[in-house]
Amino acid sequence: MAEPTFRAPKGTRDILPPESGRRRAALHAFSEQAELAGFGEIMSPMFEDLGVFKRLGESTDVVTKEMFDFFDKGDPPQHLALRPELTASVCRGFAEHRPTPPWKVWYEGPQFRYEQPQAGRYRQFHQLGVETLGTDDPQADVDVIALGWNFFASLGLRQVTLLLNSLGDPTCRPEYLEALRGHLTDNASSLSSQSKVTLERNPLRVLDSKRNEDAEIIAAAPLMVDYLTDESRDHFDAVRAGLEQLGIAYELSPRLVRGLDYYTRTTFEFAADALATAQNAVGGGGRYDGLVEDLGGPATPGIGFALGLDRILLACDAEAVFPIPEPVTKVFVVDVTGGSHALDVCNTLRAAGIGADRSYGGRSMKAQMKVADRSGAPFAAIIGEDEVAGGEVTLRDLRGDTGQHRVALDNLVATISRLLG
RNA sequence: GUGGGCGUAGCUCAGUUGGUUAGAGCGCCUGGUUGUGGUCCAGGAGGUCGGGGGUUCGAAUCCCCUCGUUCACCCCA
């Protein structure tokens, strides 16, 4: 294959029609549900001061080695980074604008991480998310989780598992970390070399390891849930009760830790069981009760999630649900008199809200009919010398067996509206 | 960052032990008598066989390097 001069950068891709229409439909479904649940959209910058993301944690790979960072042309230059996620931006925005809590926002957009691409993993990927800041009511957690759950269901996905855990709070976590570190250190000689390194940085992360040699030690490790303070325990129980009240099935996953260090208490992940790849997490989130304060704002609790649109659509493919939407073109105008009548007719139909398209370049009727067929439009409006003379078009049913008949130009919009029901 | 698979027309792929102008299907274009698609038929366009170097009389086919892609580790959505 002759190499094109340029191609989309590694880990990025062009989303072409009609697949792009499917993504837009998914985005629309999400925004609609978020708005119904009282969330308003936040549109934040694609890049931020690097410091905003550094607050995500010094031991997270997202921060330490996956950042697309650069310096601007200022004097002195500012160290900026393309956003690797949006929770930090939302919290920065909260700290900056001080909206009245509770502040409920949703977002969608591309995020960037400098990683090796693989199945379901891209350097530019699209996330949908919500954040509720300013309340630590466990029912806010439930509302957030339910929104994600219902969104998956609305797409038709059935094989999604909600994994739930609590990562404790600043009071009980240190005690647990000490116990965990003790256990892992005692068994360090059997741990994989990578996990030994991870143990130094952040023992919690060792629980994430998929390496066989670590499995036994991880299975025997102490669990956070056994160390929760009464307060965190009560919160966790209330979240579980709320989910049960709404009939949302969840699976307790006591070793679920998340890749960002800011999480506290409620932590969850949506796993797409239909995906056979290593990346089957289609969404994840939790509480981050200290993040706003870290970013210079008032102490503010928060809960939210981010869903990966790219993976969600892969999961839809795997479950054969949420197909590409029907084409918008309802009438394909075939004009064999040169094309200027198609110009008028298309313009009229479009003004009336009826999707209309045509071909260009004065092609033969046969060629134009072929394009009409391919367009998916249910009707072709044919214009030849006869029709022009009579102020009419020939309306042909391309999908059914109604045949074709002449329609006066003045009645075209009404006729098609009636036929489309 | 580490390791494996793969790179032949727009797409999916054939290319026999290295041997003449590199093939198929789909898609695309043009026709099949004067204005009609989805079926059928006939033509046609389109490839420096990812790139570079080497071995050879001769390489898509063998060797080396490189780039791209893909999967996995890591990490995460």
Side-chain angles (χ1 to χ4, degrees), chain A residues 1-4 6-11 13 16 56 59-67 84-87 108-129 148 192-195 197-198 201-202 205-206 208-214 256-260 269-272 275-285 305-315 332 334-337 359 361 363-388 394-401 403-404:
Chain A
M1 188 192 308
E3 285 296 305
F6 295 111
R7 55 168 67 233
K10 191 190 198 66
R13 62 212 171 115
L16 307 178
L56 298 176
S59 66
T60 72
D61 282 7
V62 168
V63 172
T64 55
K65 53 185 219 198
E66 296 174 3
M67 203 82 83
E85 58 113 57
L86 258 157
T87 302
E108 61 87 9
Q111 332 284 331
F112 308 86
R113 293 180 196 173
Y114 193 83
E115 301 184 90
Q116 286 307 318
Q118 65 186 71
R121 199 171 76 183
Y122 308 94
R123 287 186 172 181
Q124 174 175 334
F125 58 102
H126 210 104
Q127 283 190 336
L128 321 171
S192 64
S193 54
Q194 295 100 317
S195 285
V197 177
T198 310
R201 289 205 331 264
N202 186 347
R205 283 307 206 25
V206 176
D208 255 346
S209 168
K210 291 182 221 164
R211 287 172 290 268
N212 290 331
E213 56 264 49
D214 297 331
L256 173 68
V257 295
R258 311 240 345 117
L260 287 331
E269 195 166 294
F270 295 104
L275 288 180
T277 56
Q279 282 70 232
N280 72 337
V282 288
F305 66 61
L307 313 180
L309 181 56
D310 308 273
R311 288 183 192 175
I312 288 169
L313 291 174
L314 289 174
F332 197 93
V334 172
D335 179 353
V336 289
T337 70
S359 57
R363 303 176 66 188
S364 71
M365 169 165 284
K366 180 180 176 124
Q368 292 191 52
M369 285 300 292
K370 271 178 101 96
V371 181
D373 185 54
R374 271 204 308 266
S375 76
F379 298 101
I382 301 167
I383 301 170
E385 300 298 346
D386 293 354
E387 286 84 353
V388 170
T394 293
L395 197 58
R396 180 173 175 80
D397 181 357
L398 294 173
R399 308 297 153 203
D401 49 7
Q404 61 187 47

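In this text the structure is predicted, and so the values were computed from the model without any measurement. Every chain is numbered from 1 and lettered A, B, ... according to where its sequence line falls, protein lines coming before strand lines.
Between Arg258(A) and A77(B) there is a side-chain N or O to OP1 or OP2 distance below 4.0 Å. The phosphate of C73(B) (OP1 or OP2) has a side-chain N or O of Gln118(A) nearer than 4.0 angstrom. Close to G35(B), at under 4.0 Å from its OP1 or OP2, lies no side-chain N or O of Lys366(A).
Using a 4.0 Å heavy-atom cutoff across all strands shown, Leu398(A) reaches at least one base atom of the nucleic acid. Glu385(A) comes within contact range of no nucleotide atom at all, as no heavy-atom separation falls under 4.0 Å. Residue-level contact check: Glu387(A) touches the bases, meaning some heavy atom is under 4.0 Å from a base atom. As judged by a 4.0 angstrom heavy-atom cut-off over every strand, Ala372(A) is placed among residues making no nucleic acid contact.
Out of G31(B), U69(B), A77(B), the shortest distance to the side chain of Ser364(A) is found at G31(B). When the nucleotides C73(B), U36(B), G37(B) are ranked by their closest atom to the side chain of Asp373(A), G37(B) comes out on top. The Glu115(A) side chain lies nearest to A77(B) when the options are U30(B), A77(B), G37(B).
Taking the charged nitrogens against the carboxylate oxygens, Arg123(A) and Glu115(A) have no contact shorter than 4.0 Å, which rules out a salt bridge. Under 4.0 Å is where a charged nitrogen must lie from a carboxylate oxygen, and between Asp310(A) and Arg13(A) at least one such pair does.
With hydrogens and angles left out, the side chain of Gln404(A) and the base of U36(B) share a donor-acceptor pair within 3.5 Å.
Among all heavy-atom pairs drawn from Thr337(A) and Gly384(A), the shortest one is CG2-C, 3.5 Å.
Taking atom CZ on Arg374(A) and atom C1' on C28(B), their separation rounds to 8 Å, with Å as the unit. The CZ atom of Arg363(A) sits 5 Å away from the P atom of C29(B) (whole-angstrom rounding).
On the C1' atoms, U12(B) is 30 Å away from C73(B), given to the nearest whole Å.
Searching all strands for a Watson-Crick or G-U wobble partner of G1(B) with both distances below 3.5 Å returns C73(B). Base pairing annotation: U56(B) forms no Watson-Crick or G-U wobble pair, as no partner gives both donor-acceptor distances under 3.5 Å. With a 3.5 Å ceiling on both atom-pair distances, A45(B) lacks any Watson-Crick or G-U wobble partner.
Side-chain contact check for Gln118(A) and Gln279(A): at least one donor-acceptor pair (N or O, by modelled atom type) lies under 3.5 Å. Using a 3.5 Å distance cut-off with no hydrogens or angles, the side chains of Glu387(A) and Thr394(A) do pair a donor with an acceptor.
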